[in-house]
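Notes to accompany the following structure.
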Amino acid sequence: MKTVKKKDKKEILDQITRCPECGSTHLVRDYEHGELVCEDCGLVIDETYVDQGPEWRAFDAAQREERERTGAPMTYTIHDKGLSTEISWKNRDSYGRPVPTRTRAQLYRLRKWHRRIKVSSSADRNIADALQIMERMAANLDLPKDVRETAALIYRKAVRENMVRGRSIESVVAATLYAACRQLKIPRTLDEIASVSRVSKKDIGRTYRLLSRTLGLGISPSEPEDYIERFCSRLRLSGEVKKKAYAILRRAKELGVGRGKGPTGVAAAAIYIAALQVGERRTQREIAEVAGVTEVTIRNRYKELVDKLGIEVEV
DNA sequence: AAGACGAAAGTGGTTGA
DNA sequence: TCAACAACTTTCGTCTT
C-alpha cells in the first residue's frame with residue numbers, strides 16, 4: 001500500500017465527485033482537516049477512504065514492469081522506517097529457480113538471524129514495541145494514516161530525548177497519539193485516547209505536557225471548531241447544521257463568549273443550537289454523548305451563547 | 001414518559017503564597 | 001505544601017412537550 005503524499009492529498013480529494021455512500025454530488029471540501037464531507041448523508045471521506053493504489057495505470061504486464069520503479073514507500077510506522085532488507089519467505093533464488101533442499105536449512109537459519117539482527121539495539125526494540133501498541137490504539141480509534149505517521153515521528157523524537165525510560169511505553173504512546181491528533185487539527189479527547197489504552201487519563205495528560213514541553217511541539221490549545229466536523233458526522237447532521245454551527249462559533253469568538261471554557265462543551269452547545277434552528281433536533285443527551293460532556297455543561301454553554309449572542313430559538 | 005431546566009454539592013486539577 | 005479557585009460533573013427535584 002502506498003502512502004498518500006501530503007501535497008497530493010488535495011489533488012486526490014479533488015478527484016472525488018460523488019459520495020461513495022449515497023452517491024450525492026454535494027461534497028464540502030475541508031482541506032485543513034484533510035476531509036471531504038458529504039452534505040447529504042454526513043459521511044466524512046478522509047484519506048483512508050481514498051484509493052491508495054499506485055498513481056499510474058498499467059494496461060499490460062510490460063507497462064507494469066516499466067512503470068513500477070520504486071520499492072515500498074518509506075514509513076515511520078515500521079521501526080526501521082521500512083528501509084531494511086527483507087529475506088523473502090519463498091524458497092527461490094534470484095532467478096526464480098527453486099532452492100535445493102540441501103541449502104534450505106541454511107536459508108532458514110539465515111532468515112532467523114536476520115530477523116533478530118534487524119531489531120538490534122534496545123532503542124530499536126523499544127520503538128518496535130511501541131509501534132505495535134500504537135497501531136493497536138490507532139486502529140481502535142479509526143485514526144487516519146497521517147496521524148499514525150506523525151505520532152510515530154514524535155515517538156522517535158521522544159526516544160531520542162530519553163523520555164521513555166522510567167515511563168510506561170503505553171503512556172508515552174498514548175500521549176504521542178494525542179499530540180499527533182492535536183497537531184493535525186483533528187483532536188480526540190483525552191477520554192477517547194484513554195479508553196483504548198491501559199493507562200489513566202491523568203497519566204496521558206501528564207506525559208503529553210512533558211512531551212510538548214521537552215520536544216517543543218508548540219501545539220496550540222484545541223478550539224471548538226475543530227470538533228464540529230466529527231461531532232456532526234457522528235450525529236448524522238446535515239451540512240447546513242455544520243455551517244450554522246461554524247457561524248455561531250465565529251460570532252462567539254468575536255464576543256469572547258466561551259473563552260476559557262472547555263472547547264468540547266462549547267462545540268456541543270453550538271451544534272445543539274444549530275440543529276434546533278435548522279430543525280434537525282437532537283436531544284442534549286445525544287449530543288452530550290458524542291461530545292463527551294454532560295447535559296448540564298451543554299445547558300450552561302447554551303445559555304451563555306443564547307444570552308450573549310442574542311439568538312432567538314423558537315420552540 | 002422523555003426531555004429540558006436549574007440548584008446545590010462534589011470532583012480533580014491548577015495556581016500562587 | 002496547602003488553600004483558594006474555576007471548570008465541569010453528579011444528583012435530584014421540577015417543569016414542559
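Heavy atoms only: backbone and side chains are in, while hydrogens, waters and symmetry mates are out. Naming: A, B, ... by sequence-line order, numbering from 1 per chain.
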Think A:Tyr272 has a side-chain N or O under 4.0 angstrom from the OP1 or OP2 of B:dA4? yes

Please give, in whole Å, the distance from B:dG12 C1' to A:Asp191 CG? 13 Å

Measure the distance from CZ on A:Arg299 to C1' on B:dA7 and round it to the nearest whole Å. 11 Å

OH of A:Tyr302 versus C1' of B:dG6: gap in Å, rounded? 13 Å

Roughly how many Å is it from CD in A:Glu304 to C1' in C:dC8, rounded to a whole number? 12 Å

Would you confirm whether A:Arg136, through its side chain, and A:Val196, through its main-chain N or O, come within 3.5 Å as a donor-acceptor pair? yes

Once you apply a heavy-atom cut-off of 4.0 Å, does A:Thr294 come out as touching a base, just sugar-phosphate, or nothing? base

Does A:Arg209 make a side-chain N or O approach to OP1 or OP2 of B:dT14 shorter than 4.0 Å? yes

Backbone of A:Glu304 reached by a side-chain donor or acceptor of A:Asp307 within 3.5 Å: no

Donor-acceptor contact present, side-chain A:Arg198 to main-chain A:Glu170, <3.5 Å: no

In whole angstrom, give the distance that lies between atom CD of A:Glu295 and atom P of C:dC12. 14 Å

Can we say A:Arg251 and A:Glu254 salt-bridge, meaning some charged N sits less than 4.0 Å from an Asp/Glu carboxylate O? no

Tell me what A:Gly260 touches on the nucleic acid: a base, only sugar-phosphate, or nothing, going by heavy atoms under 4.0 Å. sugar-phosphate

Using the closest heavy atom to pick a nucleotide of DNA chain B for each, name whichever of A:Val296 or A:Arg282 lands nearer the 5' end. A:Arg282

Return the nucleotide paired to C:dA3: Watson-Crick means purine N1 to pyrimidine N3 with N6-O4 or O6-N4, wobble means G-U with N1-O2 and O6-N3, both under 3.5 Å. B:dT15

For the pair made of CZ in A:Arg285 and C1' in B:dA2, what is the distance, rounded to whole Å? 12 Å

Is the shortest distance from a Lys or Arg side-chain nitrogen in A:Arg285 or A:Glu289 to a carboxylate oxygen in the other one below 4.0 Å? yes

How many Å lie between CG on A:Asn300 and C1' on C:dA7, as a whole number? 10 Å

What's the closest nucleotide to the A:Thr283 side chain, out of B:dG3, B:dG6, C:dC8? B:dG3

In whole angstrom, give the distance that lies between atom NZ of A:Lys201 and atom P of C:dA7. 16 Å

Please determine whether a side-chain nitrogen or oxygen atom of A:Arg281 lies at a distance below 4.0 Å from atom OP1 or OP2 of B:dG3. no

